[in-house]
Amino acid sequence: MTVYIVPFLSVLVGIGVALLLKPTGKKSLKLLLAFSGAFLLSLTVLHLLPEVYEATLHAGGHEGHDHGHEHGGGHTVGIFIMAGIIFQIILEYFSQGAEHGHVHNHGHHHGMPWLLFISLCIHALLEGMPVSHHPDLAWGIGIHHFPIAIILTAFFVNSGMKKIPVLLFMTAFAAMTPLGTLLSGQLTVVEEYYPYISAVVVGILFHISSTIIFESGEDHKFNLAKLLSIGLGVVLAYYL
Ligand SMILES: [Zn+2]
Ligand SMILES: [Zn+2]
């Protein structure tokens, strides 16, 4: 049950924080972003990546082991990871980087930013899929979406959107990750191609988490607080 609740509640709490506390401390948000990016990247590398390779290598194992080089899942899975990276880059053309907490103020928004909404939802839905096999990833996604929810809610409210559409919009976003987890447990198609879908998500997580880490700092100036936040993210992911 926690796998559904954590990613959902983290966004709701983020909305609440944005609406009630109206956080102005950009510095603490940046540290939270740096931590969440490092935590997510470490979870991906430590937990998700080895499994994706192992699952596909076993699946391609019948090709014979006397081959000089690996022809089986190893190559294929790498292509799926790269496809995930490219897919996330394409999503960000439409979302303008909302998934990593990057928002642009182009004056006032009239009506719903539908393209942003749809690409953000696709992103969150896909992220939910490997959670069915990796309950610990629910925490990574929850922590990743928490600062994003704060930043996006504050951005929409400040850009003149009414509170009710913002709440509906953000709640739908909150529901996408648990929905992805639910779908991947229910649909046999997802179950059948699970290692490849996971590989795509690994690519998405690679791109998103490294972008979060990159954008959480000013240029490339040395920043001890940022470095410590990243270190904490890595250590926590290791012990999870
Ligand atoms: Zn960005
Ligand atoms: Zn996400």
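In listed order, ligands and their atoms are each counted from 1. What you are looking at is a predicted structure, and each value in this text was computed from that prediction instead of being measured.
- Metal site remark for the Zn ion (ligand 1): Glu92 contributes no N, O or S atom at a distance under 2.8 Å.
- Ring geometry for His134 versus His47: interplanar angle over 60°, hence perpendicular rather than tilted (30 to 60°).
- Ring planes of Phe39 and Phe35: parallel class, angle under 30° (limits at 30 and 60°).
- Of all N/O/S atoms in His144, NE2 sits nearest the Zn ion (ligand 2).
- Phe94 CZ: 12 or fewer foreign heavy atoms inside a 6.0 Å radius.
- The six-membered or imidazole ring of His100 lies away from that of Phe214, with a centre-to-centre distance of 6.0 Å or more.
- Seen from the Zn ion (ligand 1), atom OE2 on Glu215 and atom ND1 on His102 lie at an angle near 110° (rounded to 10 degrees).
- Vertex the Zn ion (ligand 2); arms to His145 NE2 and Glu127 OE1; angle rounded to 10 degrees, 80°.
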